[in-house]
Amino acid sequence: MILHDLTLAFAVLVLIYHQVTTMISIFPWNDTSKYTKKEIITEAGSNGLLMGIGVICLFLPNKGFFHFYPLIYYPFLFVGEIFQWWLPYFSDKFSKMRLGDEYEIRFARTTKIFKSRNGKHLPDANHTLLHALTVITLVLVFVDRIHNR
């Protein structure tokens, strides 16, 4: 029961953290001032819905859709985070393809944890924390689902 409660708590934490950092500017942690209201609503709404379904599925009985959605969603979320942030940081090819001018406009002045790598787009601290929370949630979901079959 403790494992399941911890899994649910982290899923809620990922949801709340994402929504707060998407909708509220906490510069230099994030910089929502560069987004239009429509972009903020779209990002908060779409990700909030998908993350919210994950939380609901963890809260409801562990059967059928409710069992499998978190097992599919959280890996999908993390793969998206890797493609958006980490491949451009480690790969010259991806660095040229991803984010482009959007990075300079929206993320260049935000807080960073890691050092720049030859001008490659650097994951900011806000997204690094979100990705760490996602990984923890992903691992907890799998352990919880295996444990509570």
Side-chain angles (χ1 to χ4, degrees), residues 2-59 66-147:
I2 292 173
L3 173 62
H4 184 70
D5 292 343
L6 187 62
T7 304
L8 185 56
F10 266 90
V12 169
L13 181 61
V14 168
L15 172 61
I16 291 170
Y17 181 81
H18 180 273
Q19 294 300 292
V20 168
T21 57
T22 298
M23 295 187 286
I24 300 170
S25 184
I26 313 166
F27 189 79
W29 188 251
N30 67 354
D31 192 1
T32 61
S33 68
K34 307 298 182 189
Y35 287 87
T36 66
K37 291 236 186 241
K38 181 180 179 182
E39 289 171 321
I40 290 172
I41 290 168
T42 300
E43 170 137 358
S46 60
N47 285 307
L49 175 66
L50 295 171
M51 290 176 186
I53 292 171
V55 169
I56 290 168
C57 287
L58 291 168
F59 185 73
F66 303 117
H67 175 81
F68 289 105
Y69 181 86
L71 292 170
I72 295 167
Y73 173 68
Y74 289 103
F76 182 77
L77 173 62
F78 186 59
V79 166
E81 293 169 348
I82 289 170
F83 271 92
Q84 186 73 18
W85 287 99
W86 295 102
L87 286 180
Y89 181 61
F90 289 111
S91 165
D92 287 332
K93 185 177 181 179
F94 274 91
S95 182
K96 292 174 185 158
M97 291 174 24
R98 302 297 299 157
L99 294 175
D101 294 334
E102 179 183 337
Y103 180 87
E104 291 303 320
I105 293 168
R106 297 182 176 170
F107 307 110
R109 290 163 294 286
T110 57
T111 304
K112 308 292 187 288
I113 296 174
F114 301 106
K115 293 186 182 240
S116 181
R117 292 177 44 100
N118 301 326
K120 293 179 184 174
H121 298 309
L122 184 63
D124 63 358
N126 169 31
H127 286 90
T128 302
L129 178 57
L130 177 64
H131 303 163
L133 293 172
T134 301
V135 168
I136 293 167
T137 304
L138 170 65
V139 169
L140 287 170
V141 163
F142 273 83
V143 172
D144 179 59
R145 291 306 195 217
I146 289 167
H147 186 262

Quick one, Q19 with L15, criterion side-chain contact (heavy atoms from CB on, under 4.5 Å). Give me CA distance, side-chain angles, the key distance, then yes/no. CA-CA 6 Å; Q19 294 300 292; L15 172 61; 4.0 Å; yes
CA sep, side-chain torsions, deciding dist, call: L130, T21, side-chain contact (heavy atoms from CB on, under 4.5 Å): CA-CA 10 Å; L130 177 64; T21 57; 5.9 Å; no
Could you go through V20 and I26, starting from their C-alpha distance and side-chain angles, then the distance that decides it, and tell me whether this counts as side-chain contact (heavy atoms from CB on, under 4.5 Å)? CA-CA 9 Å; V20 168; I26 313 166; 4.3 Å; yes
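Under the ring-ring contact (aromatic ring centres under 6.0 Å, His included) criterion, Y73 pairs with Y69, sequence neighbours left out. Listed by chain and number, the residues in a side-chain hydrogen bond (donor to acceptor under 3.5 Å, both in side chains) with N47 amount to none (sequence neighbours excluded). T110 is linked by a side-chain hydrogen bond (donor to acceptor under 3.5 Å, both in side chains) to K112, D124, counting only residues two or more places apart in sequence or in another chain. For the salt bridge (Lys or Arg N to Asp or Glu O under 4.0 Å) test, no residue two or more places apart in sequence or in another chain qualifies with E43.
For I113 against A125, the heavy-atom pair with the smallest separation is CG1-CB, 3.7 Å. Considering every non-hydrogen atom in both P88 and F83, the closest pair reads CD-O, 3.4 Å. Across all non-hydrogen atoms, the minimal contact from L71 to F142 is O-CZ, 3.5 Å. The minimum heavy-atom distance linking P70 with P75 is given by the pair O-CD, 3.8 Å.
Here I24 contributes atom CD1 and T32 contributes atom OG1; the two are 8.5 Å apart, rounded to the nearest 0.5 Å. Rounded to the nearest 0.5 Å, atoms OG1 (T7) and NE2 (H4) are 7.0 Å apart. Going from atom CG of L8 over to atom CG of L3 covers 11.0 Å, rounded to the nearest 0.5 Å. One distance of note links CG of L58 with NE2 of H67; it measures 11.0 Å at 0.5 Å rounding. Between S33 atom OG and I40 atom CD1 the span is 9.0 Å, to the nearest 0.5 Å. Of the inter-residue distances, the one linking Y89 atom OH with I82 atom CD1 reads 15.0 Å to the nearest 0.5 angstrom.
For residues 131-141, the pairs satisfying side-chain hydrogen bond (donor to acceptor under 3.5 Å, both in side chains) are E81-T134, W86-H131, with sequence neighbours left out. Sorted by first then second residue, the salt bridge (Lys or Arg N to Asp or Glu O under 4.0 Å) pairs that include residues 26-37, not counting sequence neighbours, number zero.
Although no hydrogens or angles enter the test, the distance criterion places no donor-acceptor pair under 3.5 Å between the side chain of N126 and the main chain of T111. A donor-acceptor pair is defined here as one N or O able to donate and one able to accept, closer than 3.5 Å; no such pair exists between the side chain of R109 and the backbone of P28.
Residue F59 qualifies as open at atom CZ: its count of foreign heavy atoms under 6.0 Å is 12 or below. Environment of CZ in F27: crowded, with over 12 heavy atoms of neighbouring residues, nucleotides or ligands closer than 6.0 Å.
Classified by interplanar angle (parallel below 30°, tilted 30° to 60°, perpendicular above 60°), the ring pair H127/F107 is perpendicular.
Side-chain contact between L77 and M51 is present, with heavy atoms from C-beta onward closer than 4.5 Å.
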